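Each remark here refers to the structure printed beneath this line.
Convention: sequence-line order gives letters A, B, ...; per-chain numbering from 1. Owing to the predicted nature of the structure, the values given are computational and were not obtained by experimental measurement.
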Amino acid sequence: MDFICNFPFFSIMISMFSGIVSAVLSRKAAKWLNLISIWVIWFLSAVLLYYIFGTGEIIVYKMGHFPAPWGNEIRAGLLEAGLALFFCSIMLLSMTGGRKKLMGEVVEEKHNLYYILVDLMLASLLALIYTNDLFTAYVFVEINTISACGLIMIRQNGRTIEAAVRYMIMSLLGSGLLLMGICMLYDITGHLLMSNIRDAVSSIYSAGTYPVPLTVTIILLTCGLAMKSALFPFHTWVADAYGYSTVSSAAILSSLVSKGYIILLIKIIYRVIGFEVYRASHIIDVVFVFGLAGMIMGSISAIRENDIRRMIAYSSVAQIGYIYMGIGLGTRYAMIASIFHILSHAATKSMLFIGAIGLTDVSKGSRHFEELTGSGYRHKIAGITFAVGSLSMVGIPLFSGFISKLLFAQAAVLNTRKMLPALIVLAISTILNAIYFMKTVIRIYTPTEEEGERITMKQEKVYALTCICFIALNIFIGMCSQPIVDWIGAGIDMFA
Amino acid sequence: MKKLTNKLLNWLNAEDTSVFDNAMELKMQEPKEEKEETVEQRMRDRLHIKDEVYSESETKEVKVLRIIYRTLAIILCAFIAYNLLIAVSWLPRTGEFDKPVNNEVSARYIEKGLQETGAVNIVTGMILDYRAFDTFGESNVLNIATITVLILLRRNKKKLPNEIEEKENDRLLEPKNDVILQKAATFLVPAIFLFGIYVILNGHLSPGGGFSGGAIIGAGLILYVSAFGFEKTEKFFTEKTQKVISLSALLFYCLAKSYSFFTGANELESHIPLGKAGAILSSGLILPLNICVGLVVAVTMYTFYCMFRKGEF
Amino acid sequence: MTLFQIILLIFLVICAVSVSFSKNLVRSIMEFMAFSLIMSIIWLTLESPDLGITEAAVGAGVTSILFFVTLKKIHAIREGNKNEEADK
Amino acid sequence: MGPNLWANFGEAVSMILFCIGFANLLLHKNLIKKIIGLNIMDSSIYLFLALKGYIAGHTVPIVVDGVQSVDAYINPIPSGLVLTGIVVSVSVTALMLSLTIRLYRRYQTLDLDEISKRLKKEGL
């Protein structure tokens, strides 16, 4: 076994280690440790991706001295390594973009605790991506939930604590359902390791031994993860949680945390239940309908909003609806579109949050649209970032959002039964998206006579660099879409 | 080309604002003129509307909505219960041996567990050796829960302006120096500590282990505090103690398990003797790991209590 | 499933329902404590003493203590046992 | 209904408990009751899992007198999983309770609906 095969394990352990050590470090040391560990993991994931591209083989790594069904196991394919790389990049950019704001909004002596939360969050995301064991996934889902709650309420005002309570109630309900599903699955298959469960499930399915428990299990797993990732009827906590927490937290939460659960759901669909079995159950139609409802309702709530950050939060409800719609279409191509949308949305949404914070900085700290008028001139790089993000969300060619919408439309055309509703809702949702994002962009580029505070690029070099990186990443995803789609397809084939 | 990039950079830096401003076709917005009265009226209306809509007094509609919500919730719960019961009725029968759960996985744990892990208690051997990654994640759950509780409840050294200060004396409603409690605690606390340590150290031999033993010790500490007050415990348990104990325990756990995972995956010899089965000093890493887990759990439980009571150690 | 286990399970349901219906927060936490204790006995009868010990120490012990401290902090336990109005 | 409802009496009770906890979560306005409901839900899942490992007539999985036969001991896996789960649920409970304390200090109430009404009024 090559030494590179250790890298998934190393990247989980490095972030855990830095999370444990940061508790006794000073603020600055914790910050640097966090930065260095994310960079190291980024580098490891990049090497791993390159290696897997070269060999074309899945890395199966046993955790401990015992082989697969007895011990734990982690597993890295193309998709896993690429997602780890991508998540690290977004995490890095979100942290650097929101660092200045963090100083003002969080009590200084609690800064190192914030870095612990981020480290453990990264560890849990990596473990969710790499793990090959369902119960390990549950434990790390809990770590993810608790650290997400910490990220919401680290900036302590009434709003965030209320949002944290709502978030916790909703997601604990979700983890309860998830755990119940895992227990039932364990009862009818007798395994906890994903590969073994899939073999057992396919034999159960063809033999027809436990049809009712299997269906209930699929419903429980899907419901639990949908609840945790804020699918439409369970989205009540989103606006407060994303709208009032500190900006790095909002960017990380919206672009990584909910996506981590969706990745887990996709893993469960492919590696635990089996795609054919999942498609044969009727839950897939329910997922499709809720996805469509989310696309419309999220956009409508966003249009009615008067607060820029709450508007972005509601927009992410709509985007989660897109992803679930893709899962609900139930074809391989639609799944590729969903995963592509996970990437493009993660890149765009964190970019919008980072851009919006720059705009509110030059508008006397207010986030309401009246005061934001003309802020694009007062803080140019933030204005450009926000505009690029909006264009990408609306689906203008050249940017990443366009490609994902195109992929969704193509996938919908391929599915004859669900083509019509999917296409109609896609069109309506795009128009609604255009309404509220263009409204905001026009608002921030409307000149006013009022002379506000101006911030130039030289005053905030790190922030400007982050913004440029975000724009470059977005255009990269938009321009080089074909290799990315090929990579996702190869990764999905590796799942099976 | 160079000129254009220079211009763009200048514009970005807001040094020369006139480059593109005049080229824009957007119209300059005129300041909205409004009389002061209308503004006041609007503000008043806004407040009034909010009062009307969200008034505290329960209107008839709110009551009806609440009843509808309650009935819907009950119907939903009944529906879920019905479906789950149907699922249960199709599951394999409880208490029987012949079902999918009892397969080769549990068979190996039972048949070879003692030889492979050295632990007489198969459950402990399983959670700390076969499936150690889960357990490592679980101690990190404890760690991160401690951190979130610290974020929420630890008092800031510098007072924030809008922070509401808790003026109440914490022991106001309790009898101070209650004789019965103190006498009972004098006997009970050492016994509880002893039992907790016994449970931790015998984790691989008898029921129990790090989690239960740690929780017992934590409960003992809490009893001690309630009987004798925080002045006594502050002498030996401060913020530093918590940090040092949980850091060293978790770090040892992390490093030991990393070593074991690394050697296991790369097929290296682990060089950790398993010892004679049944002795206290046996079963390789399980005993030190149990001690670490016990320390972490005890410290975490006591930290929760301290934070809840007074926001500092 | 022995008669003893069935009786314990029925007790469990009674405790859970009465938590929901009791007007007084202190009382409902007491009932939750009883719930945990019965649960730990059930686990003992199911031949899992590890779980029994852990649940008795964690569920019935530390969790209930944390609940009581919280009640104290939110002034639900008042002097002279005037608990009636505490349950808003 | 399938054939095994009476044989799976314990599991059926755990499902009913799950739904009682769920109803507690939905119906009660008081946050403390909601947290108790969450705890009941968790415990019921652990009861379900522990029942899965039980085999009638077999004993505790602690090796006695060198007997290492599958016919002697119950399945150890569910016990280990429940052990992990209990610790997770106690940490989550502590977090929820500390959130409750903070919320009470800020708003002097435990009713989430009332708090959101007040938030709207403040227009924060």
Side-chain angles (χ1 to χ4, degrees), chain A residues 1 5-6 9 13 16-17 19-21 23-24 61-66 69-72 107 109-110 113 116-117 120 123 127 133 135-136 139-140 142-143 146-147 149-150 153-154 184 186-191 200 210-213 216 373 377 380-381 445-449 454 456-458, chain B residues 11-15 17 21 24 26 28-29 31 83-84 86-87 90-92 99-105 108-109 116 129-134 136-138 140-141 143-145 147-148 150-152 154 156-158 160 243-244 246-247 250-251 254 258 260-267 270:
Chain A
M1 195 167 73
C5 299
N6 288 310
F9 162 70
M13 278 299 168
M16 286 259 178
F17 179 81
I20 292 168
V21 173
V24 288
Y61 187 88
K62 60 176 179 173
M63 301 289 269
H65 290 271
F66 306 101
W70 295 282
N72 280 69
V107 189
E109 57 199 274
K110 286 177 181 168
L113 301 182
I116 300 174
L117 291 177
L120 286 176
D133 187 290
F135 197 76
T136 313
V139 173
F140 282 92
E142 287 292 340
I143 295 185
I146 298 178
S147 51
C149 173
M153 53 78 203
I154 185 101
M184 273 200 183
Y186 174 67
D187 190 25
I188 57 178
T189 60
H191 283 285
Y210 301 111
V212 181
V216 171
T373 312
Y377 294 111
K380 279 171 182 148
I381 189 78
Y445 279 116
T446 310
T448 47
E449 290 192 336
R454 279 172 187 275
T456 61
M457 220 162 70
K458 280 180 187 157
Chain B
W11 185 73
L12 279 175
N13 284 328
E15 280 168 355
T17 49
D21 275 3
M24 291 270 177
L26 286 170
M28 192 71 88
Q29 210 182 37
N83 281 316
L84 287 175
I86 287 180
W90 287 100
L91 287 179
K99 53 182 187 177
V101 178
N102 300 311
N103 53 6
E104 74 275 8
V105 182
R108 174 158 170 179
Y109 290 161
E116 285 177 348
D129 206 332
Y130 287 107
R131 302 184 57 86
F133 192 42
D134 289 359
F136 180 54
E138 181 196 354
N140 273 296
V141 171
N143 182 23
I144 197 163
I147 283 158
T148 43
L150 284 178
I151 289 173
L152 276 168
R154 194 171 72 190
N156 298 319
K157 281 170 194 143
K158 274 180 279 178
L160 288 179
K243 273 186 179 168
V244 168
S246 51
L247 175 80
L250 279 170
L251 210 57
C254 180
S258 300
S260 143
F261 292 152
F262 185 75
T263 53
N266 292 303
E267 313 286 351
S270 82

Could you tell me the separation between the [atom1] atom of [X] and the [atom2] atom of [Y], rounded to the nearest 0.5 Å?
X: A/W70; Y: B/E116; atom1: CH2; atom2: CD; answer: 9.0 Å
X: B/C254; Y: A/M13; atom1: SG; atom2: CE; answer: 5.5 Å
X: B/L250; Y: A/F17; atom1: CG; atom2: CZ; answer: 11.5 Å
X: A/I143; Y: B/E138; atom1: CD1; atom2: CD; answer: 9.5 Å

Inset, instruction - Check whether any side-chain heavy atom of A/F66 lies under 4.5 Å from a side-chain heavy atom of B/D129, and answer yes or no. - result: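 The answer is yes, as the side chains (C-beta and beyond) meet within the 4.5 Å cut-off.
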Legend entry - Top contributor to chain A interface from B/N102, B/L152, B/N143, B/L84 [non-hydrogen pairs under 4.5 Å]: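 Highest number of heavy-atom pairs under 4.5 Å: B/L152.
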Legend entry - Derivation of the side-chain contact (heavy atoms from CB on, under 4.5 Å) call for B/F261 and A/N72: CA-CA 10 Å; B/F261 292 152; A/N72 280 69; over 6 Å; no
Side chain, backbone, both or neither: which part of [X] has a non-hydrogen atom closer than 4.5 Å to chain B?
X: A/N6; answer: side chain
X: A/V139; answer: both
X: A/T189; answer: backbone
X: A/I116; answer: side chain
X: A/M16; answer: side chain
X: A/L120; answer: side chain

Legend entry - Partner residues of B/V101 under the side-chain contact (heavy atoms from CB on, under 4.5 Å) criterion, sequence neighbours left out: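 Only A/Y186, A/D187, D/N75 meet the side-chain contact (heavy atoms from CB on, under 4.5 Å) criterion with B/V101.
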Inset, instruction - Check side-chain contact (heavy atoms from CB on, under 4.5 Å) between B/P100 and all other residues, then give those that pass, not counting sequence neighbours. - result: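 Counting only residues at least two positions away or on another chain, B/P100 forms a side-chain contact (heavy atoms from CB on, under 4.5 Å) with A/Y210, B/P92.
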Inset, instruction - May I ask you to decide if the ring planes of B/F133 and A/F140 are parallel, tilted or perpendicular, using 30° and 60° as cut-offs? - result: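 The arrangement is tilted - the two ring planes meet at 30° to 60°.
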Which region of [X], side chain (C-beta onward) or backbone (N, CA, C, O), has a non-hydrogen atom less than 4.5 Å from a non-hydrogen atom of chain A, or is it both or neither?
X: B/S246; result: neither
X: B/D134; result: both
X: B/F136; result: side chain

Legend entry - Audit row: B/T148, A/C149, side-chain contact (heavy atoms from CB on, under 4.5 Å) steps and yes/no: CA-CA 8 Å; B/T148 43; A/C149 173; 5.7 Å; no
Legend entry - Side-chain (A/K110) to main-chain (B/I151) donor-acceptor, under 3.5 angstrom: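 Such a contact is found between A/K110 side chain and B/I151 backbone.
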